[in-house]
Chemist: 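Handing you a structure now.
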There are 4 protein chains.
Amino acid sequence: MATVDAIHMATIQVLAAEGLALCTTTRVAERAGVSVGSLYQYYPNRRSLLAAVLGRHLDHVAVAVEQACITQRRKPIADMAHELVHAFLGAKLEHPSASKALYAVAEEHGGTILVAHAKERMQKAVASMLDTATDARFDDLNTASLLTMSAMIGPAQALLEDDASAKFADVLRAHLCTLIQAYLRAISLLVRTGKSTE
Amino acid sequence: MATVDAIHMATIQVLAAEGLALCTTTRVAERAGVSVGSLYQYYPNRRSLLAAVLGRHLDHVAVAVEQACITQRRKPIADMAHELVHAFLGAKLEHPSASKALYAVAEEHGGTILVAHAKERMQKAVASMLDTATDARFDDLNTASLLTMSAMIGPAQALLEDDASAKFADVLRAHLCTLIQAYLRAISLLVRTGKSTE
Amino acid sequence: MATVDAIHMATIQVLAAEGLALCTTTRVAERAGVSVGSLYQYYPNRRSLLAAVLGRHLDHVAVAVEQACITQRRKPIADMAHELVHAFLGAKLEHPSASKALYAVAEEHGGTILVAHAKERMQKAVASMLDTATDARFDDLNTASLLTMSAMIGPAQALLEDDASAKFADVLRAHLCTLIQAYLRAISLLVRTGKSTE
Amino acid sequence: MATVDAIHMATIQVLAAEGLALCTTTRVAERAGVSVGSLYQYYPNRRSLLAAVLGRHLDHVAVAVEQACITQRRKPIADMAHELVHAFLGAKLEHPSASKALYAVAEEHGGTILVAHAKERMQKAVASMLDTATDARFDDLNTASLLTMSAMIGPAQALLEDDASAKFADVLRAHLCTLIQAYLRAISLLVRTGKSTE
DNA sequence: CATGAATGAGTCTTCATTCAT
DNA sequence: GATGAATGAAGACTCATTCAT
């Protein structure tokens with residue numbers, strides 16, 4: 001629906017431009033070019049609007065991660081790390097302003113739950129993928145996937161904060177790949193007791 | 001001053017108990033056992049109060065990191081990673097409810113700047129430390145320290161979210177050490193190609 | 001028209017279920033299974049809808065009273081009182097939820113007038129009836145009929161309030177008959193000085 | 001408190017002048033010469049304000065009735081009826097506009113309960129009084145008192161409606177006395193089978 | 001200095017009403 | 001005629017901030 005989409009976009013714009021506190025229903029409606037009444041025709045209250053916008057964003061990222069995890073099954077660790085990092089950062093940075101704006105929403109009551117759900121989805125996907133690695137084995141998939149996901153969040157935020165040059169972004173991305181690869185290799189070593197000639 | 005401290009504590013308590021939106025000046029004053037008027041004697045407005053509380057927390061963490069970085073100068077990478085992780089998590093988890101409550105404040109206009117400053121301080125401290133590592137050399141200290149710090153943030157958040165068992169916390173902490181160590185080793189390797197006689 | 005009736009019934013139902021404040025045009029239309037637009041085809045505004053429903057109810061009661069008054073002409077006081085009470089309560093309690101729900105409407109601007117009209121109609125009918133009593137004469141028919149009608153309203157309300165047992169309702173009804181009879185006899189006595197030669 | 005009283009009075013005035021629907025918190029505050037904020041300092045919401053005003057009025061009437069009932073203990077029925085009617089009408093008509101205005105409030109959710117409580121209080125007082133009548137005995141005090149009270153409500157309303165001449169009011173009052181007396185005598189007769197020397 | 005009653009701009013939300021389809 | 005999305009005025013309520021005591 002045109003109205004719903006307009007409201008959705010307007011919410012992100014206002015959020016990015018004014019912040020969560022000033023992201024009022026009136027302002028969103030104004031920005032969307034509709035009346036407040038219309039906004040309430042589609043969302044029962046401010047919270048649900050914010051939740052919907054956050055949910056859509058989180059879903060977008062989660063789907064990207066899940067797909068990457070599926071395509072990288074039965075691949076070596078290095079490939080997995082590389083694709084995971086790129087899928088995650090790619091989705092997160094696709095709409096930088098939206099991503100940035102939504103951090104505040106994620107903190108509100110209700111947002112926390114959505115974020116937790118998304119994290120869980122992604123963690124499960126990562127765990128499933130790691131379990132099929134051709135060159136490593138993990139005894140504690142849970143912790144491995146949790147740390148893998150968690151470790152990407154901070155750098156992603158850093159990338160979002162300073163709209164640095166694309167070049168710096170590439171460097172960071174490369175380092176994050178290295179970081180995840182190194183981590184996975186480190187903890188898998190602990191397990192792979194008898195890796196033939198190693 | 002007793003009053004100031006009371007207000008400070010009250011702010012954190014209300015923040016933790018009710019959330020940012022319900023953390024009103026009246027409620028804080030009530031909780032602190034003083035009048036709103038008194039609160040305004042010490043803070044010109046709500047924002048400055050919130051900023052002060054956030055600032056203090058960030059400073060606490062930054063100082064912990066800086067001290068760890070100083071004590072670990074001229075040590076091997078492994079020690080550095082270990083101490084850094086423990087100093088950072090230790091400070092962050094010292095008052096879990098406060099840390100959690102302040103995430104929302106960090107997102108507000110004004111909070112972002114404080115957070116950026118704290119990050120910068122810690123990044124610089126880490127960079128200075130890394131530069132003195134006895135068993136590694138880094139060509140891009142900036143990126144190395146940025147990623148090191150960033151990579152700790154996500155796991156710290158994860159630890160804060162679920163008040164999991166102390167056992168799981170220890171596992172996570174250990175993994176985070178491994179992660180940072182592995183990363184630093186990985187990127188230092190890239191540089192010391194033929195470090196031969198050093 | 002089916003639509004009009006549906007709206008009528010829906011209004012009473014919503015009124016009874018949600019109260020006057022929550023009896024919105026949208027809700028009524030929904031309940032009636034028609035669109036708001038259709039509702040406005042038949043009633044120019046919310047007020048007229050409410051007035052129509054109230055009016056119909058009042059008319060129902062007034063007609064019942066008027067008919068009873070006509071059938072009881074040239075009867076003794078006791079019969080008059082008995083029939084009047086039963087006609088009035090019968091009509092009022094026929095749809096208890098509707099009667100109860102409409103009290104609120106009667107208070108709104110506009111409702112007052114309708115109620116006044118209905119009262120007047122009934123009072124006139126009672127006065128006409130009383131004037132033909134075979135065993136009494138009244139010098140102030142106006143006051144007599146006014147008080148007769150008024151005195152029935154309170155008990156009717158009481159009967160409506162607590163959905164008491166049918167037994168208690170019967171007791172109340174009987175007492176109300178006694179009350180009206182006693183009153184009429186009392187004031188007619190004041191007049192009929194010399195029953196003898198009349 | 002001056003502010004509270006001002007709000008109280010303003011509420012009644014607005015209620016009388018504009019009706020319940022237009023009796024908004026803003027308008028009341030305006031009329032009272034205070035800000036909306038002040039209103040909410042003393043009443044948590046509109047409903048509680050309305051309830052407080054209604055409650056005060058009902059209490060006033062109930063107290064008047066209760067006192068009359070106490071002073072008329074051990075008196076003949078005629079005196080009881082007379083004093084009861086005068087106490088009730090006197091209290092109800094003391095502030096006619098307030099009484100009239102509050103009818104609408106009594107219908108709102110919450111008002112009903114207050115009214116029921118007041119009715120109960122008065123009914124009990126009446127029952128206690130009737131039980132001490134020197135010239136009558138009642139087997140069903142409950143019904144007797146309920147009907148006595150109920151029968152006064154309608155006429156009181158009638159008196160409130162048309163601000164008729166004081167003369168007409170007196171006539172009505174006298175008739176109401178007669179009505180209550182006649183009723184009480186009628187139902188007590190049913191009981192006093194063999195009142196010896198009477 | 002402390003107090004806390006008073007302020008009123010600004011929120012969210014509802015709902016009678018309209019009108020293009 | 002029927003529909004129901006869109007409108008926007010208006011209401012309840014909150015809360016940062018001030019200032020007389």
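Sequence lines set the chain letters: A, B, ... in the order given, protein chains first and strands last, and positions in each chain run from 1.
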Chemist: Please test A:Thr3 against A:Ile7 for side chain to side chain contact (heavy atoms under 4.5 Å, CB included), starting from the C-alpha separation and ending with a verdict.
Modeler: CA-CA 6 Å; A:Thr3 302; A:Ile7 292 172; 3.9 Å; yes
Chemist: Taking the side chain of C:Thr25 as its heavy atoms from C-beta onward, which of F:dC15, E:dA16, F:dA6 lies nearest to it?
Modeler: E:dA16
Chemist: Would you mind classifying the nucleic acid contact of D:Arg27 as base, sugar-phosphate or nothing, using non-hydrogen atoms under 4.0 angstrom?
Modeler: sugar-phosphate
Chemist: Could you measure the distance from the OG atom of D:Ser48 to the OH atom of D:Tyr40? Nearest 0.5 Å is fine.
Modeler: 8.5 Å
Chemist: F:dA5 phosphate, OP1 or OP2: any side-chain N/O from A:Tyr40 under 4.0 angstrom?
Modeler: no
Chemist: Check this one for me: any side-chain N or O of B:Ser35 less than 4.0 Å away from OP1 or OP2 of E:dG4?
Modeler: no
Chemist: Between E:dT7, E:dT17, F:dA6, which nucleotide gets closest to the side-chain atoms of C:Asn45?
Modeler: E:dT17
Chemist: Output, in order, the C-alpha distance, side-chain angles, deciding distance and verdict of side chain to side chain contact (heavy atoms under 4.5 Å, CB included) for D:Val63 and D:Arg121.
Modeler: CA-CA 9 Å; D:Val63 164; D:Arg121 269 178 69 181; 3.6 Å; yes
Chemist: Indicate whether OP1 or OP2 belonging to E:dT3 is found under 4.0 Å from a side-chain N or O atom of B:Ser38.
Modeler: yes
Chemist: Please determine, for the side chain of B:Arg46, which listed nucleotide (E:dT11, F:dT17, F:dG11) has the closest atom?
Modeler: F:dT17
Chemist: Looking for any heavy atom pair under 4.0 Å, which part of the strands does A:Val36 touch: base, sugar-phosphate only, or nothing?
Modeler: base
Chemist: Under 3.5 Å, side chain of D:Arg27 to main-chain N/O of D:Leu22, donor-acceptor pair present?
Modeler: yes
Chemist: Tell me the interatomic distance from A:Ile7, atom CD1, to E:dT13, atom P, rounded to whole angstroms.
Modeler: 14 Å
Chemist: What's the CG-P distance between D:Leu49 and F:dG11, to the nearest Å?
Modeler: 15 Å
Chemist: I need the B:His57 NE2 to B:Asp59 CG distance, nearest 0.5 Å.
Modeler: 10.5 Å
Chemist: Atom CG of A:Leu39 and atom C1' of E:dT14: how far apart are they, to the nearest Å?
Modeler: 13 Å
Chemist: If each of D:Gly33 and B:Gly37 is mapped to the nucleotide of DNA chain E with the nearest heavy atom, which maps nearer the 5' terminus, i.e. the 5' end?
Modeler: B:Gly37
Chemist: Decide yes or no on side chain to side chain contact (heavy atoms under 4.5 Å, CB included) for A:His8 and A:Val53, but give the supporting numbers first.
Modeler: CA-CA 6 Å; A:His8 199 98; A:Val53 174; 3.9 Å; yes
Chemist: Which whole-number value in Å describes the distance from B:Glu30 CD to E:dA2 P?
Modeler: 18 Å
Chemist: Where each residue is assigned the nucleotide of DNA chain F containing its nearest heavy atom, which of B:Thr26 and D:Thr24 is assigned the position nearer the 5′ end?
Modeler: D:Thr24
Chemist: Under 4.0 Å: is that the gap between some side-chain N or O of D:Gln41 and OP1 or OP2 of E:dG4?
Modeler: no
Chemist: Run through DNA chain E and report every stem of 3 or more consecutive Watson-Crick or G-U pairs, distances under 3.5 Å, ordered by first number.
Modeler: E:2-21 with F:2-21
Chemist: Looking across every strand, which nucleic acid part, if any, lies under 4.0 Å from A:Tyr42 by heavy atom: base, sugar-phosphate, or nothing?
Modeler: sugar-phosphate
Chemist: Is any NZ, NE, NH1 or NH2 atom of the basic residue among A:Arg46 and A:Glu108 found under 4.0 Å from an Asp or Glu carboxylate oxygen of the other?
Modeler: yes
Chemist: Could you state the CZ-C1' distance from D:Arg47 to F:dG11, rounded to the nearest angstrom?
Modeler: 15 Å
